[in-house]
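Since the structure comes first, as structure tokens, the remarks are kept for the end.
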Amino acid sequence: MRPQDLRADCASCFALCCVALPFARSADFAVDKDAGRPCHNLQDDFRCGIHRHLRDEGFPGCTVYDCFGAGQKVSQVTFGGHDWRSEPGTAGRMFAVFPVVRHLHELLWYLTEALTLPGAAPVREEVLRARDEIDALTRLGPEELAGLDVAEWRGRVNPLLLRVSELVRAPARAGGQGGRDRKKDRRGADLIGARLRGADLYGADLRGAYLIGADLRGADLRLADLIGADLRGADLSGADLTGSVFLTQPQLNAARGDAATRIPPGLTRPAHWSATESAPARRTGRDAQPRGRGRGGRQDAPAGRRGGRPKGRGRDEK
């Protein structure tokens, strides 16, 4: 598997995200659109007519979305280059298969990253087997793909990803009761709008945490597990995310940052981030106290978020 196979190649895709997925009029999208109906900005050549001005035109949700290469896989492999416009009979099946492959490709992204982490060496063979198994699923035919239970496969892979996270973050988790810093266990926590400027979140467990609009300026997020964390509108200016675990491009795209934000290699600094550096934040040397309480019992969600979507944000997949 090549790294580029898990990156969106819109030129090789039949604009599946612009057609197959629904979205609701909100802060992310200027209009409502049903699943299976082409966006009114989509041109005959499968290109977006306002691609350079999506944020200005009220479509920031489109700039955040990433299919992890599922678009070109479905367009060029599953359907052999036959597009839904020239062969309308394929449209329904193509649109049904696309979200399934997208979830599988997101799992492949996490598993592929796990193979690059030295700390995960003890489970490397298990990760390799899981990656090859998921990759094989993405190459099934349309009918088989449409019938896959994605939640079941997430459930199979998630314990392995959790084990990887624990191994990689082990050096940062020492200390506290039972050898673990429990103050940094924020899995599934409600940190919406939390004041975490300069917070020490080194090695923190932020799996599935709600960090929407959180102030994370200057925060130390090195080695933090960010799988499934909702970073929409979070301010990462000056934050250090080097070595963070399972951070994805869509998460960065949904957040705000500046020239001083440090991101892991392999990810791209979003174009809408500030090109200048904000005033530096003084780190507290301990966890900042967030507002709100954690959501006890919340299940981890490695392939996208589950439930709890804040009101006014309305796209099932995008």
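Just so it is clear, the model here is predicted, and its values are computed rather than measured.
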SB check [X] [Y] (cutoff 4.0 Å):
X: Glu106; Y: Arg102; value: yes
X: Asp240; Y: Arg262; value: yes
X: Arg93; Y: Glu143; value: yes
X: Arg187; Y: Asp205; value: yes
X: Asp135; Y: Arg131; value: no

Can you confirm if the aromatic rings of Trp84 and Phe98 lie within a centre distance of less than 6.0 Å?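 No, they do not, as the ring centres are separated by 6.0 Å or more.
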Return yes if a side-chain donor-acceptor contact under 3.5 Å exists between [X] and [Y], otherwise no.
X: Ser26; Y: Asp28; answer: no
X: Thr248; Y: Gln251; answer: yes
X: Ser165; Y: Asp225; answer: yes
X: Thr63; Y: Arg55; answer: yes

Does Arg232 qualify as a cation-pi partner of Tyr210, given the criterion of NZ or CZ under 6.0 Å from the six-membered ring centre and within 45 degrees of its axis? no
Mark yes or no: Arg156 above the aromatic ring of Trp153, with NZ or CZ under 6.0 Å from the six-membered ring centre and no more than 45 degrees from the axis.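 The answer is yes, since Arg156 meets both limits relative to Trp153.
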Could you grab the distance from atom OH of Tyr110 to atom NE2 of His105, nearest 0.5 Å is fine?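 One finds 14.0 Å between OH of Tyr110 and NE2 of His105.
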Check for a donor-acceptor pair, side chain of [X] on one end and backbone N or O of [Y] on the other, with a separation under 3.5 Å.
X: Asp34; Y: Arg37; result: no
X: Asp132; Y: Ile134; result: no
X: Ser244; Y: Leu241; result: yes

Minimal non-hydrogen separation, [X] against [Y], with atom names:
X: Phe14; Y: Gly81; value: CZ-O, 3.4 Å
X: Ala255; Y: Leu236; value: CB-CD1, 3.7 Å
X: Ala8; Y: Cys67; value: CB-SG, 3.9 Å
X: Lys73; Y: Thr138; value: NZ-OG1, 2.9 Å
X: Ser12; Y: Ser75; value: O-CB, 3.6 Å
X: Ala224; Y: Leu206; value: CB-CD1, 4.4 Å

Residues Asn158, Arg207; criterion side chain to side chain donor-acceptor pair (under 3.5 Å); working and verdict: CA-CA 11 Å; Asn158 195 53; Arg207 295 169 68 90; 3.0 Å; yes
